[in-house]
Amino acid sequence: MSTYKKEAVLTIGFFVLYLLMAHTAPWAIILGIDNSVRVLGYPLHYFVAIAVGWFGVLGVSIAWNHLADKLDDEITSGAEALDEEGGITTPPAGPGASEFEQLKGKSL
């Protein structure tokens with residue numbers, strides 16, 4: 001699987017995880033709203049909303065950041081390998097980038 005396809009799958013997968021972690025109302029419906037069950041003094045559905053909503057999103061964010069960094073390193077190392085083989089010519093970025101076409105034909 002190409003790295004760009006991996007990036008798309010990773011993004012879609014973590015989007016679904018964010019939806020599951022951030023929208024806590026369905027979790028309250030699944031677990032039921034029973035005020036007799038309490039965790040740390042809160043009704044169970046409040047505690048699940050806090051734990052899953054805040055800490056779940058934090059955990060998903062940390063995991064996504066870690067995996068996206070590894071994938072970005074993979075993409076960068078692949079581009080550097082192609083550049084060393086002469087497969088890619090990367091023009092400079094910024095205001096002087098338009099001068100790249102003019103300098104391309106001249107020897108420096």
List, one per line, each side-chain donor-acceptor pair under 3.5 Å for residues 63-72, sequence neighbours excluded.
none

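- Phe15 and Leu10 fall into different hydrophobic clusters, where Ile, Leu, Val, Met, Phe, Trp and Tyr residues are linked whenever their side-chain heavy atoms come under 4.5 Å apart, directly or through other members.
- A heavy-atom distance below 4.5 Å is not found between the side chains of Ser61 and Phe14.
- Rounding to the nearest 0.5 Å places NE2 of His23 at 12.5 Å from OH of Tyr18.
- Think of Ile12 as one node in a network of Ile, Leu, Val, Met, Phe, Trp and Tyr side chains linked at under 4.5 Å; it has no links at all.
- Considering OH of Tyr46 and CZ of Arg38, their distance stands at 9.0 Å, rounded to 0.5 Å.
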Which atom pairs, one a donor and one an acceptor, fall under 3.5 Å between side chains of residues 48-58 and the rest of the protein, sequence neighbours left out?
none

